Structures are given as structure tokens and as C-alpha cells.
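As the structure is a prediction and not an experimental result, all values here were calculated from the model. The sequence lines fix the lettering, A, B, ..., with proteins before strands; numbering per chain opens at 1.
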2 protein chains.
Amino acid sequence: MTTDDRTADGRAADGRAADGEPPADAASEVFAALADPTRRRILDALAAHGEATATVLAAELPVSRQAIVKHLGILDRAGLVVGHRAGREARYRVVPERLGITARWMDRLAATWDTRLAAIKRLAEGE
Amino acid sequence: MTTDDRTADGRAADGRAADGEPPADAASEVFAALADPTRRRILDALAAHGEATATVLAAELPVSRQAIVKHLGILDRAGLVVGHRAGREARYRVVPERLGITARWMDRLAATWDTRLAAIKRLAEGE
DNA sequence: GCTACGTGCTACCCAATGGTTGCACGTAGC
DNA sequence: GCTACGTGCAACCATTGGGTAGCACGTAGC
């Protein structure tokens with residue numbers, strides 16, 4: 001219950017106005033955003049168009065406009081897209097930075113695991 | 001050693017090219033697996049131990065053993081961990097490869113977006 | 001000013017997910 | 001053989017998440 005009375009934040013730049021919840025770091029949001037196939041298709045279509053509105057995207061994807069809007073909201077919070085108004089249209093475009101940053105973070109993590117595993121293996125075998 | 005090679009339920013040797021692009025539904029599983037904070041803590045603890053059982057992990061994380069087992073199942077399907085039996089224990093360890101592959105795939109995607117955006121910008125401005 | 005298109009918000013539905021508890025079974029240790 | 005520990009399976013609960021439909025509002029075009 002307590003149906004989310006946070007006014008769908010009409011903010012533009014800051015983000016969430018923390019109401020007691022832990023920040024839930026950016027990585028979670030990026031991964032969660034990328035986990036959904038529809039969202040990845042939206043990103044793909046968006047990258048192809050350069051810029052597009054929710055209505056346009058809904059026309060070429062098999063989901064309703066409202067679903068696209070929700071997805072764009074999630075992608076925006078994850079920092080993977082940004083939106084701006086042009087007249088009465090709300091246009092969105094992809095933002096490559098966050099994706100690249102997360103990619104490099106993952107790569108470093110994989111390298112860390114690799115090093116750790118190698119060290120443990122040395123200890124177990126040769127000592 | 002008691003290597004009952006019970007890897008990721010038979011789907012381990014699908015012959016993916018080592019540095020090729022993952023078929024994008026494997027990406028879904030990796031992203032979904034990484035999206036959960038508890039799962040990332042499990043991966044972290046697993047990387048620290050080198051190898052650990054669900055019971056051990058449950059002892060140092062604030063969730064039940066059953067929850068850990070479920071998470072390990074998801075991580076296994078995503079190819080981020082592998083498990084093998086040692087006597088009556090089921091030990092797991094992290095697998096860095098899939099993480100690195102996904103990281104590089106993301107990095108290339110970010111680069112693609114960048115190129116595309118630059119081209120569109122040139123068209124819009126210079127033209 | 002009137003109309004039309006596009007957007008934003010709310011309410012609602014259903015499936016998936018993270019979490020728990022309880023119990024049955026196999027394996028190790030005595 | 002008996003006991004104890006660890007695992008695996010199943011049922012169950014609460015919350016989140018993806019999706020839809022409907023309506024109100026603003027902006028563009030005439």
C-alpha cells in the first residue's frame with residue numbers, strides 16, 4: 001500500500017529527493033535498466049534515430065506509448081538517456097557515457113576476480 | 001579430487017566465441033543477475049573466499065541459506081559462478097570470463113552510440 | 001477561438017521476483 | 001547403526017515491475 005505519494009517529481013536536473021531510502025547506487029540502476037529486452041530495444045531505436053519521442057518509439061515497438069514513457073523514465077534515472085522538450089514534443093536521446101563507465105567498472109571487477117582466483121590457486125597448489 | 005563436474009546445467013559449452021558478441025539474451029541474464037545488490041554482495045564474498053558454500057555465505061550475509069541458493073542458481077544460469085560438489089558440500093566460485101565479455105560488449109555499444117550521435121550532429125549542423 | 005495532436009498522470013491487472021519457513025534426504029563422523 | 005550437519009525441494013507471502021486503458025492538460029495549427 002501507501003501508493004507512492006511522491007508526485008512523480010517534476011524535477012529536471014537533480015534526481016530523487018531522498019526520503020529515507022538508501023541511495024541504491026548507480027550500478028544497480030544501470031543494470032536493472034539494461035536487464036529488460038524492451039528497454040534495450042528502445043535504446044537501440046533511440047541510437048538509430050538520434051532523437052525520438054515516446055510516440056514515435058511506440059509506433060515501431062510492440063508496446064504502448066505509456067509503456068515507452070515508463071521505460072524512458074527508468075532509462076533516464078539510470079543516466080542512459082536524456083530528454084528535452086521541443087515545442088509540445090518530448091524528445092529523448094541516448095547518453096553513451098554512463099554505459100562506458102559501467103563497462104569499464106565491470107572489466108576492472110573481472111580483472112580483480114581473475115587476480116584473486118589466480119592467487120588462491122597458487123596457494124592451493126604450489127604454496 | 002572430487003570433481004563432480006556439475007557445471008551450469010549442460011549449457012556451458014555452447015561454443016561462444018571467446019571475445020565475440022554474446023547473443024544478447026545471455027546479456028539479459030547477466031544484467032538481471034548484476035542488478036540485485038544481494039547478488040553482487042554474494043559475488044563479492046565469493047571472490048573473497050575463492051570458494052564457498054551457500055551455508056557459509058548465508059552466515060555472513062543478512063539473508064537465509066535458501067535465498068542464497070536461489071541467488072546462486074540465478075548467477076549460475078548467468079554464467080557468473082560455477083558450482084561443484086565436494087563430499088556433501090556444494091561449493092561455488094566466481095567465473096570472470098562472462099563478466100569481462102559483457103563489459104567489452106557494453107563498451108563497444110557505447111562507442112557505437114557515440115559514433116552515431118557524432119554523425120547525426122554533423123548532419124544537423126554542417127549539412 | 002476552436003480543433004487536433006501529443007503528452008502527463010492515475011488507476012488497475014497480472015506475472016515475476018526476493019524472501020521466508022518447513023521438511024525430507026544424503027553424506028560424514030562417531 | 002545412530003546422530004548431526006548440509007543440501008535440495010516445495011509451499012507460501014509481499015513487493016516490484018512491465019503492461020494496459022482512460023482522462024486531463026497544454027501546445028500547435030487553422
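A straight line from CG of A:Asp36 to C1' of D:dG17 spans 9 Å, rounded to a whole angstrom. Atom P of nucleotide D:dG6 and atom OH of B:Tyr92 are separated by 16 Å, given to the nearest angstrom. If you take CG of B:Leu72 and P of C:dG18, they are 13 Å apart, rounded to a whole angstrom. Per the geometry, CZ belonging to A:Arg40 stands 15 Å off C1' belonging to D:dG18, to the nearest Å. Taking atom CZ on A:Arg41 and atom P on D:dG18, their separation rounds to 15 Å, with Å as the unit. One atom, CG of B:Leu34, and another, P of C:dG18, lie 12 Å apart when rounded to the nearest Å. When rounded to the nearest whole Å, the span between CZ of A:Arg39 and C1' of D:dT16 equals 12 Å. In this structure, CZ of B:Arg77 is placed 13 Å from P of C:dA16, rounded to the nearest angstrom.
Contacts of B:Ala47 classified as side chain to side chain contact (heavy atoms under 4.5 Å, CB included), with partners at least two apart in sequence or in another chain: A:Trp113, A:Arg116, B:Val94. The salt bridge (Lys or Arg N to Asp or Glu O under 4.0 Å) test applied to B:Arg40 returns A:Asp25, not counting sequence neighbours. By the salt bridge (Lys or Arg N to Asp or Glu O under 4.0 Å) test, B:Arg41 is found to be paired with no residue, residues two or more places apart in sequence or in another chain being considered. Listed by chain and residue number, nothing satisfies the side chain to side chain donor-acceptor pair (under 3.5 Å) test with A:Arg65 (two or more places apart in sequence, or in another chain). Taking the salt bridge (Lys or Arg N to Asp or Glu O under 4.0 Å) definition, one finds that B:Glu60 meets it with nothing, sequence neighbours left out. Taking the side chain to side chain contact (heavy atoms under 4.5 Å, CB included) definition, one finds that B:Arg93 meets it with B:Glu51, B:Val82, B:His84, sequence neighbours left out.
Taking only side-chain nitrogens and oxygens, B:His71 comes nearer than 4.0 Å to OP1 or OP2 of C:dG19. Side-chain N/O atoms of A:Thr38 include one lying less than 4.0 angstrom from OP1 or OP2 on D:dG19.
In this structure, CG on A:Leu43 lies 4.5 Å from CG on A:Leu75, to the nearest 0.5 angstrom. Annotation: the span from B:Ile42 atom CD1 to B:Ile68 atom CD1 amounts to 4.0 Å, rounded to 0.5 Å. Distance CG/B:Leu46 to NE2/B:His71: 13.0 Å, rounded to 0.5 Å. Here NE2 of A:His49 is found 11.0 Å from CG of A:Asp44. Values are rounded to the nearest 0.5 Å.
Between A:Leu34 and A:Leu80, some side-chain heavy-atom pair lies under the 4.5 Å cut-off. Side chains of A:Leu72 and A:Leu57 form a contact here, defined as non-hydrogen atoms less than 4.5 Å apart.
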For nucleotides 24-30 of chain D, which of its nitrogen or oxygen atoms have a protein nitrogen or oxygen under 3.5 Å away, and what is each distance?
{"unit_1": "D:dT27", "atom_1": "O2", "unit_2": "A:Arg88", "atom_2": "NH1", "d": "3.4"}

How does DNA chain C look in dot-bracket notation if pairs are Watson-Crick or G-U with both distances under 3.5 Å, crossing ones as [ ], other-strand ones as |?
||||||||||||||||||||||||||||||
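If you check residues 44-52 of chain B against DNA chain C, you find no residue with a heavy atom closer than 4.0 Å. Listed by residue number, the members of residues 56-70 of chain B with any heavy atom below 4.0 angstrom from DNA chain C are B:Val63, B:Ser64, B:Gln66, B:Ala67, B:Lys70.
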Could you list the donor-acceptor pairs under 3.5 angstrom formed between side-chain atoms of residues 96-109 of chain A and any protein atom two or more places apart in sequence or on another chain?
{"unit_1": "A:Arg98", "atom_1": "NH1", "unit_2": "A:Ala78", "atom_2": "O", "d": "3.1"}
{"unit_1": "A:Thr102", "atom_1": "OG1", "unit_2": "A:Arg98", "atom_2": "O", "d": "2.8"}

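Grouped with B:Val56 in a hydrophobic cluster is no other residue, since no side-chain heavy-atom contact under 4.5 Å to another Ile, Leu, Val, Met, Phe, Trp or Tyr is found.
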